[in-house]
Colleague: 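Have a look at this one.
Counting starts at 1 for both ligands and their atoms, following the listed order.
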Amino acid sequence: MHTAQKIMKVFITRRIPQEGLKILSQAGVCKVSLWDSDEPVSRAELLKGVAGAHGLLCLLSDKIDTEVLDAAGPNLKVISTLSVGFDHMAMDGVRVGYTPDVLTDATAELTVALLLATARRLPEGVVEVINGGWSTWKPLWLCGHGLSGSTVGVIGLGRIGMAIARRLKPFGVKKLLYSGRTDKSYAAEVEGEYVPLDTLVSESDFVVVSCALTPDTQGLCNKDFFCKMKNTAVFINTSRGAVVNQEDLYWALSSGQIACAGLDVTTPEPLPTDHPLLTLKNCVVLPHIGSATYSTRGIMAELSANNLLAGLQGTDMPSELQF
Ligand code: NDP
Ligand code: DGY
């Protein structure tokens, strides 16, 4: 005689790709309750939805703090986030799954696209074509900055930072600098030179931020930082908005302290449409789409579902955060 397996409760905070939902339904070990919308779950609905749950599948836009953990109660075994970043989560005695590696290529590709679009002024050019500003070919019009012969500085040469460096090198980048907490032996592949942050900031023609958001990196790119950059330098951030002091960035862009900036991440998200940064021609802002390819999002959903199942069943997760 065998005891019937207890069906565990899972709360998912948003509509996610079918690939993930299919894995959970086929596993037959949990009953899924889903916030069935593309818009975020309200705080009240989150606290209600998570009550008594054994597993929570969340997004980077959900703040998972002790209030949520308390609302979940003692059943909670696992939190699985559909992201590699985990700065939105409190991690207090609960196993946490995340989605490293599977989004690295998509995010690096988007970072290169944003860098080129910003440096070569693509959004400005597109607008000029549409609004009739394109009168003729003009030698001095819409000139930007090229990668060939440049120095690129990557802040945070982790999975994504390294993938960005690999993609940028073939554009003819002369020098690849990086900074972070530790020197990386794998940086040799891109002839990366580990330098203090100040050196990177003052010597780079392109500064690319791809570090994690931590107490140490919060507000790292501030007035002091922008003052050290070259007036011709391009600033790109695809990590988290809070790494940048946006008032200081606005000052740097509007005063000509730096040439231009491309941001895939902001504070807050979405950035209000009347935000001063959106008035600047030399600032390109994207709506946090680094990992947004169909296949990547499908694979992220699969991985987060498999992480969740492993957490529910007490087995090894494909990608578990180690604290
Ligand atoms: P990794 O953990 O591989 O890399 C993070 C890097 O941050 C490490 O190289 C680490 O350097 C660096 N870092 C940590 N602390 C500091 C510091 N004080 N100063 C400088 N660097 C520091 O993560 P991933 O590359 O996979 O992802 C990086 C981040 O990218 C995520 O945390 C997320 O916020 C963001 N992201 C954004 C996406 C988007 O859509 N725009 C998509 C995916 C991720 P060290 O090893 O030396 O400590
Ligand atoms: C992450 O995974 O942290 C990104 O910001 C979204 O894919």
Colleague: Of the listed options (Met300, Arg181, Lys184, Met162), which comes nearest to atom 46 (O) of ligand 1 when hydrogens are ignored and any heavy atom counts?
Modeller: Lys184

Colleague: Find out whether Ile64 and Thr81 are in side-chain contact, i.e. whether some heavy atom of one side chain is under 4.5 Å from a heavy atom of the other.
Modeller: no

Colleague: So does Thr296 get a backbone contact from the side chain of Thr293, meaning a donor-acceptor N/O pair under 3.5 Å?
Modeller: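 Here the side-chain-to-backbone pair exists.
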
Colleague: Give the residue, atom name and distance (to 0.1 Å) of the protein heavy atom nearest atom 23 (O) of ligand 1.
Modeller: Arg159 NH2, 3.3 Å

Colleague: Non-hydrogen atoms of Thr182 versus ligand 1: any pair closer than 4.0 Å?
Modeller: yes

Colleague: Kindly indicate whether the side chain of Cys221, heavy atoms from C-beta on, has any atom under 4.5 Å from the side chain of Asn237.
Modeller: no

Colleague: Please identify which atoms of ligand 1 are closer than 4.0 Å to at least one heavy atom of Asp216.
Modeller: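 Taking each heavy atom of Asp216 in turn, ligand 1 has 18 (N) under 4.0 Å.
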
Colleague: For atom 20 (C) of ligand 1, find the nearest protein heavy atom and state the residue, atom name and distance (0.1 Å precision).
Modeller: Gly180 CA, 3.5 Å

Colleague: Give every residue pair that meets the ring-ring contact (aromatic ring centres under 6.0 Å, His included) criterion with at least one member in residues 272-308, sequence neighbours excluded.
Modeller: none

Colleague: How long is the span from the OG1 atom in Thr107 to the CD1 atom in Ile160, to the nearest 0.5 Å?
Modeller: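 The OG1 atom of Thr107 sits 4.5 Å away from the CD1 atom of Ile160.
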
Colleague: Hey, does Ile236 have a side-chain heavy atom less than 4.5 Å from the side chain of Phe206?
Modeller: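 Contact flag for Phe206/Ile236 side chains = no.
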
Colleague: Side-chain contact, heavy-atom cut-off 4.5 Å: Asn307 with Val78?
Modeller: no

Colleague: Can you sort out which atoms of ligand 1 are near His288, meaning under 4.0 Å from one of its heavy atoms?
Modeller: 39 (C), 40 (O), 41 (N)

Colleague: Which is it for Glu189 and Lys169 under the salt bridge (Lys or Arg N to Asp or Glu O under 4.0 Å) test, yes or no, and what are the steps along the way?
Modeller: CA-CA 10 Å; Glu189 183 196 329; Lys169 276 294 271 187; over 6 Å; no

Colleague: Distance to 0.1 Å, residue and atom name: give those for the protein heavy atom nearest to atom 37 (C) of ligand 1.
Modeller: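 Nearest neighbour among protein heavy atoms for atom 37 (C) of ligand 1, to 0.1 Å: Thr238 O, 3.0 Å.
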
Colleague: Could you check which of Ile164, Leu60, Thr217, Asp183 puts a non-hydrogen atom nearest to atom 19 (N) of ligand 1?
Modeller: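 The residue whose heavy atom sits nearest atom 19 (N) of ligand 1 is Thr217.
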
Colleague: Out of curiosity, Phe11 CZ to Glu45 CD, how far, rounded to the nearest 0.5 Å?
Modeller: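 Result: 7.5 Å between the selected atoms.
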
Colleague: With side chains defined as the heavy atoms from C-beta onward, is the minimum distance between Trp141 and Thr136 less than 4.5 Å?
Modeller: no

Colleague: Around atom 35 (C) of ligand 1, find the nearest protein heavy atom and jot down its residue, atom name and distance.
Modeller: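 Ranked first by proximity to atom 35 (C) of ligand 1 is Ser239 O, 3.6 Å.
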
Colleague: Among all protein non-hydrogen atoms, which one is nearest to atom 33 (C) of ligand 1, and what is the separation to 0.1 Å?
Modeller: Arg240 NH1, 3.6 Å

Colleague: Salt bridge or not for Asp105 and Arg166, using N-O below 4.0 Å?
Modeller: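 The answer is no: the pair does not qualify as a salt bridge.
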
Colleague: At under 4.0 Å between heavy atoms, is it the side chain or the backbone of Leu157 that contacts ligand 1, or both, or neither?
Modeller: backbone

Colleague: Distance under 4.0 Å to a non-hydrogen atom of Ser291: what atoms of ligand 1 satisfy this?
Modeller: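 Counting from 1, the qualifying ligand atoms are 40 (O).
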
Colleague: I'd like to check Cys58 versus Ile79 (side-chain heavy atoms, cut-off strictly below 4.5 Å). Are they in contact?
Modeller: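 Yes, close enough: below the 4.5 Å cut-off.
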
Colleague: Consider every N or O of Asp87 and every N or O of ligand 1, then say whether any pair is closer than 3.5 Å.
Modeller: no

Colleague: Any idea which of Cys211, Ser83, Gly85, Gly156 brings a heavy atom closest to atom 29 (C) of ligand 1?
Modeller: Cys211

Colleague: For Ser179, is at least one N or O under 3.5 Å away from an N or O on ligand 1?
Modeller: no

Colleague: So which heavy atom in the protein is nearest atom 28 (C) of ligand 1, and how far is it from that ligand atom?
Modeller: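 Nearest protein contact, heavy atoms only, for atom 28 (C) of ligand 1 is Ser210 O, 3.6 Å.
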
Colleague: Which is it for Asp264 and ligand 1 at heavy atoms under 4.0 Å: side chain, backbone, both or neither?
Modeller: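 Answer for Asp264: side chain.
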
Colleague: Just wondering, do Val112 and Phe171 contact through their side chains at under 4.5 Å, heavy atoms?
Modeller: yes

Colleague: Going by the closest heavy atom to atom 32 (O) of ligand 1, which one wins out of Pro100, Ala212, Gly158?
Modeller: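 Looking at heavy atoms only, Ala212 sits closest to atom 32 (O) of ligand 1.
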
Colleague: If we only count heavy atoms from C-beta on, is the Leu47 to Asp70 side-chain gap below 4.5 Å?
Modeller: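 Leu47 vs Asp70: side chains apart.
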
Colleague: Atom 30 (O) of ligand 1: which protein heavy atom is closest, and how many Å away?
Modeller: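 Sorting protein heavy atoms by distance from atom 30 (O) of ligand 1 puts Ile160 CD1, 3.9 Å first.
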
Colleague: Run the salt-bridge test on Arg43 and Asp65 with the 4.0 Å N-O cut-off and return the result as yes or no.
Modeller: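 Salt bridge flag = yes for Asp65 with Arg43.
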
Colleague: Using a strict cut-off of under 4.0 Å between a residue heavy atom and any atom of ligand 2, list the qualifying protein residues by chain and number.
Modeller: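 Ligand 2 is contacted, at a heavy-atom distance under 4.0 Å, by Leu60, Ser83, Val84, Gly85, Leu103, Arg240, His288, Ser291, Met300.
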
Colleague: Please work out which of Val84, Leu200, Leu110, Val265 has its closest non-hydrogen atom nearest to atom 44 (C) of ligand 1.
Modeller: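 When every heavy atom of Val84, Leu200, Leu110, Val265 is considered, Val84 comes closest to atom 44 (C) of ligand 1.
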
Colleague: Any N or O on Thr107 sitting closer than 3.5 Å to an N or O of ligand 1?
Modeller: no

Colleague: Can you see whether Tyr178 engages Asp183 through a side-chain donor-acceptor pair at a distance of less than 3.5 angstrom?
Modeller: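 Yes.
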
